[in-house]
Amino acid sequence: MAGDDWRPTAAFAQLRERARILAGIRAFFVARGLLEVETPYLSAAGTTDPQIESFATEYTGPGAARGCRLFLHTSPEFPMKRLVAAGSGPIFQLARVFRNGEAGRRHNPEFTLLEWYRPGFDLDALMEEVAALVQAMLGERPVRKVSYQEAFVQSLGIEPHRATAAELRSAAAAAGLGEVPGLEGRDDWLSLLLTHVIEPGFPADTLTFLYDYPASQAALARVRLGDPPLAERFELYVGSVELANGFHELADAAEQERRFAAEREARRRDGQVDVSTDERLLAALAAGLPDCCGVALGIDRLVMLALGVDSIDQVLAFPFERA
């Protein structure tokens with residue numbers, strides 16, 4: 001270890017700005033009547049999402065003589081939905097969350113996530129509230145809403161919901177991305193084109209809401225039937241920085257169980273650690289989740305944008321290398 005490893009990587013002026021933003025977020029939601037909640041950081045179920053890995057630990061205290069495997073949560077989403085199903089009304093949480101294997105200029109394995117749920121809201125209403133919050137923290141900026149289809153047509157001249165994997169591969173080659181090993185299905189190529197071609201072209205200092213994703217990328221969102229069917233979700237970018245991910249929340253327990261099973265099968269097929277399904281979430285959905293929308297927003301990236309810095313280490317007192 002170097003002799004200065006005990007020191008914070010963020011300057012105190014930056015930590016004060018972080019504290020100001022956290023206080024501002026709480027004031028924003030209190031003024032709008034949302035209840036701040038706290039849910040467990042340890043969960044009996046890890047995430048089944050093949051793109052995310054949970055940290056696992058072992059509890060060996062009373063009630064678990066043979067040990068009990070627990071996971072540090074990757075998001076407070078599931079217990080928050082249980083609260084909404086139980087009648088909490090609109091709620092928000094500022095939570096520390098944990099994702100294994102994620103580290104870099106915009107990633108730390110431990111980070112702060114803001115998540116909130118709005119019974120009775122549709123995605124348009126939630127996008128308006130997200131924009132209001134971000135502008136309250138960063139100042140007024142232009143807002144644009146672009147559908148997933150429009151973004152691909154404008155940038156690449158292709159229809160993303162109908163293009164084949166071969167056509168998407170050709171579009172990637174034409175964009176100068178060359179051969180990318182390990183990409184097989186349409187969603188792999190769509191994600192590559194989005195992150196490497198489309199996102200970098202989003203206007204600087206503009207809030208861009210990208211919405212109406214392919215149904216195959218619904219995650220935990222509802223799917224709106226049609227030709228083609230579309231996932232009722234959005235992502236928010238400030239410039240080219242992805243900041244938030246919002247859903248019209250799936251309330252169908254049977255469909256959620258099917259998606260969990262498909263994700264677990266994908267994890268097993270790729271040799272990833274299998275994790276158990278969150279049965280308590282399924283029970284909450286079966287009991288009845290009110291029609292609602294929810295969104296998760298990365299606080300560390302929000303502070304980075306407020307300060308105009310390009311590394312997450314500059315807004316954290318101690319990133320994981322100095323934990």
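FYI, the numbering just counts along the sequence from 1. Computed from a predicted structure; not experimentally measured.
- Here the CG atom belonging to L34 is positioned 12.5 Å from the CD1 atom belonging to I25, to the nearest 0.5 angstrom.
- To the nearest 0.5 Å, atom OG1 of residue T48 and atom CZ of residue R264 are 8.0 Å apart.
- A side-chain donor-acceptor contact under 3.5 Å links H107 and R301.
- Alongside L230, the hydrophobic cluster contains no other residue (criterion: ILVMFWY side chains under 4.5 Å).
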Under 3.5 Å, sequence neighbours excluded: what are the donor-acceptor pairs made by side chains of residues 202-209?
residue : atom : partner : partner atom : Å
D205    : OD1  : R141    : NH1          : 3.3
T206    : OG1  : A204    : O            : 3.4
T208    : OG1  : R144    : NH1          : 3.2

Checklist entry - Step by step, would you call R82 with E77 a salt bridge (Lys or Arg N to Asp or Glu O under 4.0 Å)? => result CA-CA 9 Å; R82 288 162 57 189; E77 179 169 1; over 6 Å; no
Mind listing the side-chain donor-acceptor pairs of residues 247-255 below 3.5 Å, one per line with the distance, residues two or more places apart or on another chain?
residue : atom : partner : partner atom : Å
H248    : ND1  : E232    : OE1          : 2.7
H248    : NE2  : D291    : OD1          : 2.7
E249    : OE1  : K81     : NZ           : 2.8
E249    : OE2  : G294    : N            : 3.3
D252    : OD1  : A254    : N            : 3.0
D252    : OD1  : E255    : N            : 3.0
E255    : OE1  : R258    : NE           : 3.0
E255    : OE2  : R258    : NH2          : 2.9
E255    : OE2  : R259    : NE           : 2.8

Item to check | Worked verdict on Y59 versus F71 for ring pair (Phe, Tyr, Trp, His ring centres under 6.0 Å) | outcome: CA-CA 10 Å; Y59 170 70; F71 298 88; over 10 Å; no
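- For the residue pair N108 / E102, no side-chain donor-acceptor distance below 3.5 Å is found, with atom types taken as modelled.
- Put simply, the side chain of L307 reaches to within 4.5 Å of the side chain of E17, judged on heavy atoms.
- The line from CZ of F28 to CD of E129 is 5.0 Å long, rounded to the nearest 0.5 Å.
- With sequence neighbours left out, R322 forms a side chain to side chain contact (heavy atoms under 4.5 Å, CB included) with D5, R7, T9, F318.
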Name the atoms and distances for all side-chain donor-acceptor pairs under 3.5 Å in residues 235-245, with sequence neighbours left out.
residue : atom : partner : partner atom : Å
E235    : OE1  : Y237    : OH           : 3.1
E235    : OE2  : R233    : NH2          : 2.6
Y237    : OH   : E199    : OE2          : 2.7
N245    : OD1  : R233    : NH2          : 3.3

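- Cluster annotation: V295 is not connected to L113 through the hydrophobic network of ILVMFWY side chains, with a link wherever side-chain heavy atoms come within less than 4.5 Å.
- When the side-chain hydrogen bond (donor to acceptor under 3.5 Å, both in side chains) test is applied to R96, the partners found at least two apart in sequence or on another chain are E110, T112.
- Under the side chain to side chain contact (heavy atoms under 4.5 Å, CB included) criterion, A173 pairs with no residue, sequence neighbours left out.
- Residues that satisfy the side-chain hydrogen bond (donor to acceptor under 3.5 Å, both in side chains) test with Q14, not counting sequence neighbours, are absent from this structure.
- Under the side chain to side chain contact (heavy atoms under 4.5 Å, CB included) criterion, T164 pairs with A166, E167, sequence neighbours left out.
- The aromatic rings of F92 and F29 sit parallel to each other, their planes meeting at less than 30°, with 60° as the upper class boundary.
- Note on D313 versus R105: no salt bridge recorded, every NZ/NE/NH1/NH2 to OD/OE distance being 4.0 Å or above.
- Of the possible donor and acceptor atoms, none in the side chain of D270 sits under 3.5 Å from a partner among the backbone N and O of Q272.
- Residue E58 qualifies as enclosed at atom CD: its count of foreign heavy atoms under 6.0 Å is above 12.
- Qualifying side chain to side chain contact (heavy atoms under 4.5 Å, CB included) partners for S147, counting only residues two or more places apart in sequence or in other chains: Q149, E150, Y211.
- Of the possible polar contacts, none joining the Q135 side chain to the A132 backbone as a donor-acceptor pair under 3.5 Å is found.
- Judged as a side-chain hydrogen bond (donor to acceptor under 3.5 Å, both in side chains), and not counting sequence neighbours, the contacts of R267 are E53.
- In this structure, CH2 on W116 lies 15.5 Å from CG on L35, to the nearest 0.5 angstrom.
- Counted by atom type alone, E257 and T277 present zero donor-acceptor pairs between their side chains at under 3.5 Å.
- At a threshold of 4.5 Å between non-hydrogen side-chain atoms, the residues L72 and L42 count as touching.
- Taking each heavy atom of R99 and T74 in turn, the nearest pair found is NH2-O, 3.0 Å.
- The main-chain N or O of H161 is found under 3.5 Å from a side-chain atom of E159 such that the two form a donor-acceptor pair.
- Under the side-chain hydrogen bond (donor to acceptor under 3.5 Å, both in side chains) criterion, S191 pairs with no residue, sequence neighbours left out.
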